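What follows is one structure encoded as structure tokens, with my remarks underneath.
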Amino acid sequence: MELFTPDFGLIFWMFIAFALLFLALKKWAWPVIIKSMDDRAELIDKGVEYARDAKEQLDGARKEAQKYIAEAQKQQAEILRDAARIKTQIIDEAKTQASLEAKKVMDAAKLSIEQSRKEAELQFKNEVSKFSIEIAEKMIRKQMASDGAQVELVNKLLDEIEKN
């Protein structure tokens, strides 16, 4: 039964050994252990703080990215509106230019037709005049074949000139 009932000497020496171990641990081991635990707690706190900062930065970056995306979409819509407006303007200008060119061509064609008509009329008048003169000449030669008819015509023309 000696195992279950220790002697006073054993208890004394166990107490001394425990006290020496406790003092050694208190002097050298506990400060190192507590310092490493504090460092580890500080490292964990810094990690948590870095994670919070990273999350805030990520949230800020997401908000900024959404803002840039919204701004880019707005600019895209504005560019598309401007492009549609410019397209409409170019089409209108092209239509206007085409109608002006068509009007110029029509006016030139009308002028050309008018000039051709006047030339044809003039040529027709010249032909008619030429035929009329030839007919009149032939008739006058026939009528003026005698000298009496020629004298009578000259007197008649002189009388008309004197009246005027």
Side-chain angles (χ1 to χ4, degrees), residues 25-164:
L25 285 175
K26 183 178 177 187
K27 176 127 177 132
W28 290 292
W30 284 110
V32 172
I33 292 172
I34 289 177
K35 183 177 183 295
S36 66
M37 286 178 58
D38 287 342
D39 289 346
R40 179 72 179 152
E42 187 177 321
L43 182 65
I44 290 171
D45 288 342
K46 284 183 182 178
V48 169
E49 188 65 33
Y50 287 145
R52 284 184 190 145
D53 289 344
K55 184 178 183 285
E56 288 175 6
Q57 287 178 353
L58 181 62
D59 290 342
R62 281 184 184 152
K63 287 179 184 177
E64 198 169 324
Q66 287 175 348
K67 184 176 85 173
Y68 286 135
I69 288 171
E71 186 176 323
Q73 287 173 343
K74 184 193 290 185
Q75 287 177 349
Q76 178 187 15
E78 187 175 317
I79 288 170
L80 289 175
R81 278 193 303 269
D82 288 345
R85 182 181 49 81
I86 289 171
K87 178 186 90 170
T88 305
Q89 183 180 4
I90 288 172
I91 289 172
D92 290 344
E93 287 176 3
K95 285 180 182 177
T96 304
Q97 197 71 13
S99 68
L100 288 175
E101 288 297 320
K103 185 178 179 186
K104 285 180 184 178
V105 168
M106 291 291 286
D107 290 344
K110 285 179 183 177
L111 184 63
S112 175
I113 290 170
E114 185 65 27
Q115 287 176 347
S116 296
R117 186 185 62 80
K118 285 183 180 179
E119 286 176 7
E121 283 180 3
L122 183 62
Q123 187 177 5
F124 181 71
K125 285 180 184 177
N126 287 340
E127 292 286 325
V128 169
S129 299
K130 184 178 172 186
F131 289 136
S132 297
I133 290 173
E134 286 178 7
I135 291 171
E137 182 181 340
K138 286 180 183 178
M139 285 180 64
I140 290 177
R141 279 191 187 165
K142 207 180 214 183
Q143 287 180 356
M144 296 293 184
S146 67
D147 286 337
Q150 289 177 3
V151 171
E152 183 181 329
L153 179 64
V154 170
N155 287 335
K156 188 175 181 182
L157 288 175
L158 286 175
D159 288 339
E160 283 181 18
I161 290 175
E162 285 179 2
K163 287 181 184 177
N164 290 334

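These numbers were taken from a predicted model, which means no experiment stands behind them.
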Note to self: Can you confirm whether Q97 sits close enough to E93 that some side-chain heavy atom of one is under 4.5 Å from a side-chain heavy atom of the other?
What the structure shows: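 With C-beta onward as the side chain, the pair stays apart.
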Check: Are the side chains of E152 and K156 in touch, meaning some heavy atoms are under 4.5 Å apart?
Finding: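 Not in contact.
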How many angstroms lie between [atom1] in [X] and [atom2] in [Y], if you round to the nearest 0.5 Å?
X	Y	atom1	atom2	result
L122	E127	CG	CD	10.5 Å
T96	D92	OG1	CG	6.5 Å
E119	S112	CD	OG	8.5 Å
Q89	D82	CD	CG	10.5 Å
R81	I79	CZ	CD1	10.5 Å
M106	L111	CE	CG	13.0 Å

Item checked: E114/R117 ion pair, N-O < 4.0 Å ->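 Between R117 and E114 there is a salt bridge, with a charged N closer than 4.0 Å to a carboxylate O.
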Check: Does the pair E121/K125 count as a salt bridge with the N-to-O cut at 4.0 Å?
Finding: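 Judged by the 4.0 Å cut-off on N to carboxylate O distance, E121 and K125 do not form a salt bridge.
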Checklist line | Worked verdict on K104 versus D107 for salt bridge (Lys or Arg N to Asp or Glu O under 4.0 Å) | finding: CA-CA 5 Å; K104 285 180 184 178; D107 290 344; over 6 Å; no
Side-chain donor/acceptor pairs under 3.5 Å, residues 47-74, sequence neighbours excluded:
unit_1: E64; atom_1: OE2; unit_2: Y68; atom_2: OH; d: 3.2

Notebook entry, point to check: D39: what forms a salt bridge (charged side-chain N to carboxylate O under 4.0 Å, His left out) with it, not counting sequence neighbours?
Noted result: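 Testing D39 for salt bridge (charged side-chain N to carboxylate O under 4.0 Å, His left out), a comparison that skips the adjacent residues, returns K35.
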Next item on the list: Spell out, as yes or no, whether a donor-acceptor pair under 3.5 Å connects the side chain of S36 to the backbone of V32.
Entry: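 Yes, because the side chain of S36 sits within donor-acceptor range (under 3.5 Å) of the backbone of V32.
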